[in-house]
2 protein chains.
Amino acid sequence: MVDGDRSENLDGIFSAISDPTRRAILQQLGQGPERVTEIARRFPVSLNAVSKHLIVLERAGLVRREIRGRDHLCSLNGQPLREASAWIERMRGYWEERLDALERHIAAKQKAGRK
Amino acid sequence: MVDGDRSENLDGIFSAISDPTRRAILQQLGQGPERVTEIARRFPVSLNAVSKHLIVLERAGLVRREIRGRDHLCSLNGQPLREASAWIERMRGYWEERLDALERHIAAKQKAGRK
DNA sequence: ATCACCGTCAACCATTTGGTTGATGGTAGC
DNA sequence: GCTACCATCAACCAAATGGTTGACGGTGAT
């Protein structure tokens, strides 16, 4: 298996990026790979907490880890985000059409009766 | 405020769509608005469970509710998905550039040394 | 007015989650 | 071979999650 156990991991992916600390880690990691301790230094929580966050991100496939001696170099993996994005866009594709009309309808109703 | 307390609700949005039942509800709801009981009939859990899921989706802004007598008509709201999509695309924008080179690098290293 | 139905609220339960501190296994540097 | 450092493991804790059953307040229909 070249790519690991990918595909239909949406639970883990969305769950992983639902945490603000984890999103911040990902954003930071977007600037380039970093060691665990170095990542942790930017957050007001313990190293252990960050380590756990990284494990979560890794299991969701969002982060890859390259062990170099005693350092763990963490880097991003774009594939899961592509999956997540694909799901959202598929959803929006289903709606959008009907949504335009519907939302105007609701908005009007809200403006009128809702206070 | 026309739109409520939106903006930077990403925690709630991603958390809401990280549950498979909730994603299924959203997909089903994409076909058009439905009553709570009607939605619940399609899932192997109790009405109460679905009711709670709908409350979660509503608080995340993904579902709107129009009360018509004793029926609650649930419909989709596209805005939060747009926010979620925007965050993901922003992230992908940051990476992508560096990711192409990086991923080939990692993949090569994995194929070579990893077992 | 009664009865049935719709959906939520309340209490409870097991599991997961995000955090802590402390111990442990590796690796690097003297 | 010590000693320092890197990161995870382990145990623990409080809070949140997803599920259940049962009770309740509204609305509709007869």
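Predicted model only: the values in this text are computed from it and were never measured. By convention in this document, chain letters (A, B, ...) are assigned in the order of the sequence lines, proteins followed by strands, and residues within each chain are numbered from 1.
- Per the geometry, CD belonging to A:E58 stands 12 Å off C1' belonging to D:dT8, to the nearest Å.
- Counting heavy atoms from C-beta on, the side chains of A:V50 and A:R41 never come closer than 4.5 Å.
- If you take CD1 of B:I67 and P of D:dG28, they are 12 Å apart, rounded to a whole angstrom.
- In this structure, NZ of A:K52 is placed 12 Å from P of D:dT8, rounded to the nearest angstrom.
- Nucleotide D:dT17 holds its C1' atom 19 Å from the CZ atom of B:F14, rounded to whole Å.
- Under the rule for a salt bridge (Lys or Arg N to Asp or Glu O under 4.0 Å), the partners of B:R23 that lie at least two apart in sequence or sit in another chain are A:D11.
- In this structure, the CZ atom of A:R59 is 11 Å from the C1' atom of C:dT16, given to the nearest Å.
- OP1 or OP2 of D:dG18 lies within a sub-4.0 Å distance of a side-chain N or O belonging to B:R22.
- Look at B:H53 and you'll find a side-chain N or O under 4.0 angstrom from OP1 or OP2 of D:dG19.
- For B:R92 and B:E89, the salt-bridge test passes: some basic side-chain N is under 4.0 Å from an acidic carboxylate O.
- Side-chain atoms of B:N48 and base atoms of D:dG22 include a donor and an acceptor less than 3.5 Å apart.
- Among the nucleotides D:dT8, C:dG18, D:dT20, the one closest to the side chain of A:D19 is C:dG18.
- No option in B:R64, B:H53, B:R65, B:H72 other than B:R65 meets the side-chain hydrogen bond (donor to acceptor under 3.5 Å, both in side chains) test with B:E58.
- Taking atom CG of residue B:L54 and atom C1' of nucleotide D:dG18, one finds them 14 Å apart after rounding to whole Å.
- Minimum atom distance to the side chain of B:L47 is reached by C:dT8, of the listed D:dT20, C:dT8, D:dG18.
- Each of C:dC5, C:dT8, D:dC6 was ranked by its minimum atom distance to the side chain of B:R70; first place goes to C:dC5.
- An OP1 or OP2 oxygen of D:dT20 is reached within less than 4.0 angstrom by a side-chain nitrogen or oxygen of B:S46.
- The phosphate of C:dT8 (OP1 or OP2) has a side-chain N or O of B:H72 nearer than 4.0 angstrom.
- As a whole-Å value, the separation of B:E66 CD from C:dC6 C1' is 16 Å.
- For A:R35, the side-chain atoms get nearest to D:dC6 when compared with the rest of D:dC6, D:dT8, D:dG19.
- Sequence order on DNA chain D of the closest nucleotides to B:P44 and A:V50 puts A:V50 first from the 5' end.
- Per the geometry, CG belonging to B:D71 stands 17 Å off P belonging to D:dG26, to the nearest Å.
- The aromatic rings of A:F14 and B:F14 sit parallel to each other, their planes meeting at less than 30°, with 60° as the upper class boundary.
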